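No experiment lies behind these values; they were computed from the predicted model shown. Sequential numbering from 1 along the given sequence is applied to the chain's residues.
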Amino acid sequence: RITEDPVYGTPVYTTMGGQSKCPGETATSRRESAVTIVDIVPRCGPNRNLPCDASVNPYFLSGDVATFGAIIQNLSPTEDEAAYTLMVKSTFDPYHANSYQSSGNGRCGTPGQLSGLLVIFPRTATESIDLPAIPYNQLVEVYFTATGSDLCSDYVDVEMMIMSTCEMPSPNSQVYQYGMQKDPASGQVSVSYDAAHVMRASNSTGKFTVRWPSSRRRRTSEMDKGVDTDLQGESSAERLAAIEAALTTAHNAAKSSAERLA
């Protein structure tokens, strides 16, 4: 159906149903929509099954690289295999007058604040990764790493986002497509020009938290001599050597899995 835009007078081609491929059209089933980040699982510790949190994981030391697995599920309404892009939702922090202050917004540990955190996908060595063919309704785990900075040791509720690759240029578009509304009495569907109903790019977000030791526990020359001030009575050199070997093996396995998934 063709109508006239009430503001600009330009023709509007109104779709009344069916399916549409990315970018999706108003009042249709968007084939690449409904992708979901089901969970973000910490993969730290010798066997990659412990939290990346020094308060509960004694293996997680300052300077360690945290590894996570984002569990992705493609729930396309048309059961299509689709291409998605997984990324850090924002690569910069909101402005605070007193950034990295000891209290209030902007402090270390403020939810969502990056404070110099570097998130990398091993396959691309960047902060995003294209996943060209995610099968319908299957759970797929995609690995990424997080490296802290000297600005902070606590990173809470850092957001990751996934969306259809073709919609990447418009994740925050204010007018992506006109929306639609349905009359509850008649069931008739019509185009809505109200900003409240605007159809934006379909996406899903998930959060992860990583905490390095607040005391900045390090592998120092004292530890090389077998003295660990945080773990008295244990031979640190042997323990750390075993941890390093296990982490290296697990990291290589995670990288290999990520490459296969990508």
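- Partners of F121 by ring-ring contact (aromatic ring centres under 6.0 Å, His included), not counting sequence neighbours, listed by chain and number: F144.
- How far CD1 of I37 is from CG of L86: 5.5 Å, rounded to the nearest 0.5 Å.
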Problem set entry | Verdict with reasoning, V158 to L114, per side chain to side chain contact (heavy atoms under 4.5 Å, CB included) | CA-CA 7 Å; V158 178; L114 294 174; 3.6 Å; yes
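- A donor-acceptor contact closer than 3.5 angstrom is absent between the side chains of S76 and N74.
- Residues T67 and C44 come closest through the heavy atom pair N-SG, 3.7 Å.
- Atom CG in L117 sits 8.5 Å away from atom SG in C152 (nearest 0.5 Å).
- Checked by atom type, the side-chain pair E79/N137 shows no donor-acceptor distance below 3.5 Å.
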Exercise. Between T145 and V119, is a side chain to side chain contact (heavy atoms under 4.5 Å, CB included) present by the stated rule, with each step listed?
Worked result: CA-CA 6 Å; T145 62; V119 176; over 6 Å; no
Exercise. Yes or no on side chain to side chain contact (heavy atoms under 4.5 Å, CB included) for L131 and T85, after CA distance, side-chain angles and deciding distance?
Worked result: CA-CA 6 Å; L131 306 169; T85 298; over 6 Å; no
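- The line from OG of S128 to CD1 of I162 is 11.5 Å long, rounded to the nearest 0.5 Å.
- What you find for V35 and Y84 is that their closest heavy atoms are CB-CE2, 3.4 Å.
- To the nearest 0.5 angstrom, T205 atom OG1 is 4.5 Å from E159 atom CD.
- Of the inter-residue distances, the one linking I134 atom CD1 with Q73 atom CD reads 11.0 Å to the nearest 0.5 angstrom.
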Exercise. How far apart are the C-alpha atoms of L75 and T36, what are their side-chain angles, what is the distance that settles it, and do they pass the side chain to side chain contact (heavy atoms under 4.5 Å, CB included) test?
Worked result: CA-CA 7 Å; L75 296 175; T36 303; 4.2 Å; yes
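- Note on V140 and M160: same hydrophobic cluster, where clusters join Ile, Leu, Val, Met, Phe, Trp and Tyr whose side-chain heavy atoms are under 4.5 Å apart, directly or indirectly.
- In terms of modelled atom types and a separation under 3.5 Å, the side chain of D80 and the main chain of A82 share no donor-acceptor contact.
- Nearest approach of Y155 to Q113, heavy atoms of both residues: CD2-O, 3.9 Å.
- For the pair F208 and I40, the tightest heavy-atom approach, listed with the atom from each and the gap, is CB-CG2, 3.7 Å.
- In this structure, the side chains of V142 and R123 stay at 4.5 Å or more apart for every pair of heavy atoms.
- Smallest separation of non-hydrogen atoms from A146 and F68: CB-CE1, 4.4 Å.
- Between the side chain of W212 and the main chain of A54, no donor-acceptor pair closer than 3.5 Å is present.
- Considering all non-hydrogen atoms of both residues, A133 and E81 come closest at CB-OE2, 3.4 Å.
- Side-chain atoms of R211 do not come within 3.5 Å of backbone N or O of D53 as any donor-acceptor pair.
- Atom-to-atom distance recorded for L139:CG and D39:CG is 10.0 Å, nearest 0.5 angstrom.
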